[in-house]
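Residue numbers count from 1 along this sequence. As the structure is a prediction and not an experimental result, all values here were calculated from the model. The figures that follow rest on heavy atoms only: side chains count, while hydrogens, waters and symmetry mates do not.
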Amino acid sequence: RSDTELPYKMWRLVFNRAFTTTTQSVTKDARMQIALKEALQSNKVIVQDISGGCGAMYNIEVESPLFVGKSMVQQHRMVHDILKEDVKGMHGLTLQTKAPSSQ
């Protein structure tokens with residue numbers, strides 16, 4: 001084994017993991033945002049990976065007309081039901097939900 005072979009393999013492994021994690025995180029963010037917008041008929045959905053890019057923790061904000069008359073617990077259950085497969089792989093999730101204000 002040459003002296004340069006091991007550092008190259010280590011660099012390649014680190015680079016591939018970093019690139020793959022970032023790509024998966026962006027894809028997961030977008031997928032969750034689209035699912036929430038469509039299912040909740042919402043124009044305001046913000047999905048942020050707050051885990052540094054690894055996809056383990058998210059902050060999600062949703063405003064939906066379907067939340068009108070629903071308690072916060074009911075709103076959060078609706079979001080969890082939509083994202084149930086994604087939530088399984090998370091270590092943490094922060095939700096802020098609300099109905100649109102009538103103006």
| query | What do the steps show when you test Tyr58 against Leu95 for side chain to side chain contact (heavy atoms under 4.5 Å, CB included), and what is the final call? | reply | CA-CA 8 Å; Tyr58 283 87; Leu95 286 177; over 6 Å; no
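- Between Phe67 and Met78, the closest side-chain pair of non-hydrogen atoms falls below 4.5 Å.
- Qualifying side-chain hydrogen bond (donor to acceptor under 3.5 Å, both in side chains) partners for Ser42, counting only residues two or more places apart in sequence or in other chains: none.
- By the side-chain hydrogen bond (donor to acceptor under 3.5 Å, both in side chains) test, Gln96 pairs with Asn59, sequence neighbours left out.
- Listed by chain and number, the hydrophobic cluster partners of Ile50 are Met57, where partners are ILVMFWY side chains within reach of under 4.5 Å, directly or through others.
- The salt bridge (charged side-chain N to carboxylate O under 4.0 Å, His left out) analysis of residues 63-74, with sequence neighbours excluded, yields the pairs Glu63-Lys98.
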Name each donor-acceptor pair under 3.5 Å that joins a side chain in residues 80-94 to protein atoms two or more places apart or in another chain, with its distance.
from: Glu85; atom 1: OE2; to: Lys88; atom 2: NZ; distance (Å): 3.2
from: Asp86; atom 1: OD1; to: Arg31; atom 2: NH2; distance (Å): 2.6

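- Residue pairs satisfying the salt bridge (charged side-chain N to carboxylate O under 4.0 Å, His left out) criterion with at least one member in residues 33-48, sequence neighbours excluded, are absent.
- The shortest distance between side-chain heavy atoms of Val45 and Glu61 does not fall below 4.5 Å.
- Remark: Gln33 engages no residue in a side-chain hydrogen bond (donor to acceptor under 3.5 Å, both in side chains) (not counting sequence neighbours).
- Annotation for Ile46: hydrophobic cluster partners, listed by chain and number, are none (ILVMFWY side-chain heavy atoms under 4.5 Å, direct or chained).
- Contact detail for Ser64 and Pro100: the closest heavy-atom pair is O-CD, 3.2 Å.
- To the nearest 0.5 Å, the span separating OG1 on Thr97 from CZ on Arg77 amounts to 12.5 Å.
- Smallest separation of non-hydrogen atoms from Leu36 and Val79: CD2-CG1, 3.9 Å.
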